[in-house]
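Whatever order the structure lists them in is the order used to number ligands and atoms, beginning at 1. Just so you know, residue 1 is the first one in the sequence shown, and it goes up from there. Small disclaimer: the values here were computed from a predicted structure and weren't measured. We use all heavy atoms of the structure for the numbers below, so side chains are in, but hydrogens, waters and symmetry mates are not.
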Amino acid sequence: MTAPNKTRIYLSPPDIGDLERRYVQEAFDTNWIAPLGPNVDGFEAELAARVGVGHAAALISGTAALHLALRLCGVGPGDEVVVSSLTFVASAAPVVQLGARPIFIDAERASWNLDPALVAEFLETRAQEGRLPRALIVVHLYGQSADLDPLVEICARYGVALIEDAAEALGATYKGRAPGSLGKAGIFSFNGNKIITSSGGGMLVSDDADFIAHARKLATQARDPAPHYEHTELGYNYRMSNVVAGIGRGQLASLDQKVQARRANFAHYQEALGALPGLTFQPEAPWGMHSRWLTCLTIDPQTFGNDREAIRLALEAENIEARPVWKPMHLQPVFAEAEMVGGAVSEDLFERGLCLPSGSSLSAADRERIIAIVGDCARQG
Ligand SMILES: *Cc1c(COP(=O)(O)O)cnc(C)c1O
């Protein structure tokens with residue numbers, strides 16, 4: 001069905017520069033090919049500085065970072081963990097893999113992120129019943145921070161560990177600070193489609209030095225400090241390689257340009273399509289800057305004249321990749337048994353939501369093609 005003569009436009013492809021090459025070359029030239037090394041140390045220090053946290057541990061993935069964050073917050077068998085329902089499965093999978101149960105909570109329309117009012121109500125009820133969850137994972141979706149202040153306050157009041165899944169939100173702000181830096185711990189991802197990539201990798205950040213020191217130990221098979229191999233607990237093999245960290249370091253240096261490019265994509269889409277009846281972009285909440293990692297919108301099929309899926313297929317026919325908004329976790333077969341608080345907002349966003357190609361290297365010509373196709377799907381006359 002696709003037009004084979006047209007090069008595929010991807011949703012969010014890697015955008016690699018010369019600095020990345022230099023750091024990787026340096027790793028080869030100095031024979032630092034093993035896990036750990038100067039690029040790993042540099043990447044950790046530079047990301048911590050950029051995000052405004054005390055400490056960072058570079059890991060093989062964002063999912064590994066979340067797994068360690070949960071374990072270090074004491075999550076284990078029989079515990080419960082509150083998670084944003086509207087997210088990618090990696091936000092919730094490590095909860096189950098630690099033997100705990102996720103409880104999903106709905107989004108609010110202002111940001112498409114976790115609704116603090118629903119969280120407050122839920123935790124109050126649970127406090128009265130004497131069965132509070134161990135932790136709460138708030139996701140900052142598509143490059144926009146959730147409303148963190150109320151969540152920080154509520155979690156502190158009830159002694160629930162706040163973990164920020166900022167995998168999609170590097171470069172965004174919340175009241176001048178970086179999402180990922182306000183909770184007990186935050187995680188970032190450098191997967192191939194994120195705003196910066198290391199070809200695959202993640203970072204765990206926290207202001208707590210012991211927390212990150214313990215994370216580093218668990219990520220390297222939990223070796224105790226002894227000349228022989230001594231273990232008092234079990235860990236994982238989760239540390240980032242020095243070659244991979246070189247790519248990440250180079251990418252981080254151009255984060256601001258990448259945010260600008262993605263916000264420019266959004267501005268062009270909005271200017272060209274924003275007036276079409278029935279088409280609404282993900283709002284930018286008043287508390288911060290949206291990085292526009294992805295430009296997302298919702299379609300009202302009655303007013304627009306076509307539904308979300310019709311647009312997606314029209315783009316796909318031209319070899320252009322667009323994707324539905326995340327299918328909420330409470331609708332996933334694997335979480336059929338999980339408790340859900342609310343649900344109407346995330347269900348609606350999934351039903352009607354679409355993500356457009358948003359790469360920082362997207363050309364103006366390609367963007368115009370996309371705009372023309374979406375425009376053609378609107379009700380004629
Ligand atoms: C990408 C992503 C992750 C996982 O990161 P990986 O590095 O791919 O393991 C977690 N949460 C969200 C919301 C993501 O988008």
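Interatomic distance, CG of L72 versus CD1 of I212, reported as 8.0 Å (0.5 Å rounding).
If you number the atoms of ligand 1 from 1 as listed, the ones under 4.0 Å from a heavy atom of N191 come out as 8 (O). Interface atoms of ligand 1 facing V139, defined by a heavy-atom separation under 4.0 Å, are 13 (C). When each atom of ligand 1 is checked for a heavy atom of A90 under 4.0 Å away, the hits are 3 (C), 4 (C), 10 (C). Using a 4.0 Å cut-off to heavy atoms of A167, the atoms of ligand 1 that qualify are 2 (C), 3 (C), 10 (C), 11 (N), 12 (C), 14 (C). Set against the non-hydrogen atoms of G62, the atoms of ligand 1 under 4.0 Å away are 5 (O), 6 (P), 7 (O), 9 (O). Within ligand 1, the atoms closer than 4.0 Å to a non-hydrogen atom of F88 are 2 (C), 3 (C), 14 (C), numbered from 1 in the order shown. Using a 4.0 Å cut-off to heavy atoms of G201, the atoms of ligand 1 that qualify are 7 (O).
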Worked verdict on F43 versus F190 for ring-ring contact (aromatic ring centres under 6.0 Å, His included): CA-CA 12 Å; F43 193 24; F190 315 113; 4.9 Å; yes
I'd like to know whether F335 forms a ring-ring contact (aromatic ring centres under 6.0 Å, His included) with F104, so could you lay out the CA-CA distance, the side-chain angles of the two residues, the decisive distance to 0.1 Å, and finally the verdict. CA-CA 9 Å; F335 294 126; F104 296 110; 5.1 Å; yes
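Looking only at side-chain heavy atoms (C-beta outward), V138 and V83 stay at 4.5 Å or farther from each other.
Residues E164 and S181 approach most closely at OE2-N, 3.5 Å, considering heavy atoms. Taking each heavy atom of L252 and E46 in turn, the nearest pair found is CD2-C, 3.6 Å.
Atom 11 (N) of ligand 1 has its closest protein heavy atom at D165 OD2, 2.7 Å. Scanning the protein for heavy atoms near atom 15 (O) of ligand 1, the closest one is E168 OE2, 2.6 Å. In this structure, the protein non-hydrogen atom closest to atom 2 (C) of ligand 1 is K194 NZ, 3.0 Å. Here the heavy atom of the protein found nearest to atom 9 (O) of ligand 1 is T63 OG1, 2.4 Å.
Within the 3.5 Å criterion, the main-chain N or O of D210 finds a donor-acceptor partner in the side chain of D208.
Backbone and side-chain nitrogen or oxygen atoms of W326 are examined, and none is located within less than 3.5 angstrom of a nitrogen or oxygen of ligand 1. For ligand 1, none of its N or O atoms has an N or O atom of F190 under 3.5 Å away. Close N/O approach between T87 and ligand 1 is not found [any backbone or side-chain N/O within under 3.5 Å].
When D115, D147, D348 are each tested for a salt bridge (Lys or Arg N to Asp or Glu O under 4.0 Å) with R109, only one passes: D348. E44 pairs in a salt bridge (Lys or Arg N to Asp or Glu O under 4.0 Å) with only one of the listed residues (R50, R239, R249), which is R239.
The shell of residues lying under 4.0 angstrom from ligand 1, judged by heavy atoms, excludes A64. Contact analysis puts S91 in contact with ligand 1, with a non-hydrogen atom separation below 4.0 angstrom.
No side-chain donor-acceptor contact under 3.5 Å links T295 and N265.
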